[in-house]
Amino acid sequence: MIDYRYDTQLLIEGTGLDEDAISDYFRTNFKGDCLLAVGDDELIKIHYHTNEPWKVLEYCASLGEIFDIVVEDMDRQARGLNG
């Protein structure tokens with residue numbers, strides 16, 4: 001059983017981005033694990049396992065332009081299903 005079903009990955013492009021502040025916001029406001037928020041003040045890479053990827057996307061979109069968005073169902077992958 002997977003605790004957090006969706007592997008959510010994206011890039012945020014903006015100005016004045018702060019990876020520490022973003023990480024803190026994730027830990028305080030979202031349930032999930034395997035958080036990776038790395039980059040600089042103009043581009044941040046996000047990787048996060050959660051059951052509510054839409055909340056992650058909504059928050060990240062409030063910080064800047066989001067792109068290269070990938071949301072994969074890890075439960076489906078674990079069962080050997082594609083698509």
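Positions are given from 1, in the same order as the sequence printed here.
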Which atom names give the shortest non-hydrogen contact between [X] and [Y], and what distance separates them?
{"X": "Lys31", "Y": "Thr50", "value": "O-OG1, 3.1 Å"}
{"X": "Leu43", "Y": "Phe67", "value": "CD1-CZ, 3.9 Å"}
{"X": "Ile2", "Y": "Ala78", "value": "CD1-CB, 4.1 Å"}

Whether over 12 other heavy atoms sit under 6.0 Å from Lys45 NZ |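 More than 12 within 6.0 Å, yes.
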Counting heavy atoms not belonging to Glu72, are there more than 12 under 6.0 Å from its CD?
->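 Count over threshold, so yes.
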To the nearest 0.5 Å, how far apart are [atom1] in [X] and [atom2] in [Y]?
{"X": "Asn51", "Y": "Asp75", "atom1": "CG", "atom2": "CG", "value": "10.0 Å"}
{"X": "Ile66", "Y": "Glu58", "atom1": "CD1", "atom2": "CD", "value": "10.0 Å"}
{"X": "Asp24", "Y": "Asp18", "atom1": "CG", "atom2": "CG", "value": "8.0 Å"}

Taking C-beta and beyond as the side chain, do [X] and [Y] meet within less than 4.5 Å on heavy atoms?
{"X": "Ser62", "Y": "Tyr59", "value": "yes"}
{"X": "Met74", "Y": "Tyr6", "value": "no"}
{"X": "Ile46", "Y": "Leu11", "value": "no"}
{"X": "Asp68", "Y": "Leu10", "value": "no"}
{"X": "Val56", "Y": "Phe26", "value": "yes"}
{"X": "Leu17", "Y": "Glu42", "value": "no"}

Just by distance, with hydrogens left out, do Asp3 and His49 show a side-chain donor and acceptor under 3.5 Å apart?
->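 Asp3 vs His49: no donor-acceptor pair found between side chains.
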Cut-off 3.5 Å, side chains only: do Gln9 and Asp7 have a donor facing an acceptor?
->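 A pair is found: one side chain offers a donor N or O, the other an acceptor, under 3.5 Å apart.
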Result of checking Ile44, Leu35, Val38 against Ile22 for side chain to side chain contact (heavy atoms under 4.5 Å, CB included) |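 When side chain to side chain contact (heavy atoms under 4.5 Å, CB included) is applied between Ile22 and each of Ile44, Leu35, Val38, only Ile44 qualifies.
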Step through it carefully: locate the ring centre of Phe30, locate the ring centre of Tyr25, and say whether they are under 6.0 Å apart.
->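 Yes.
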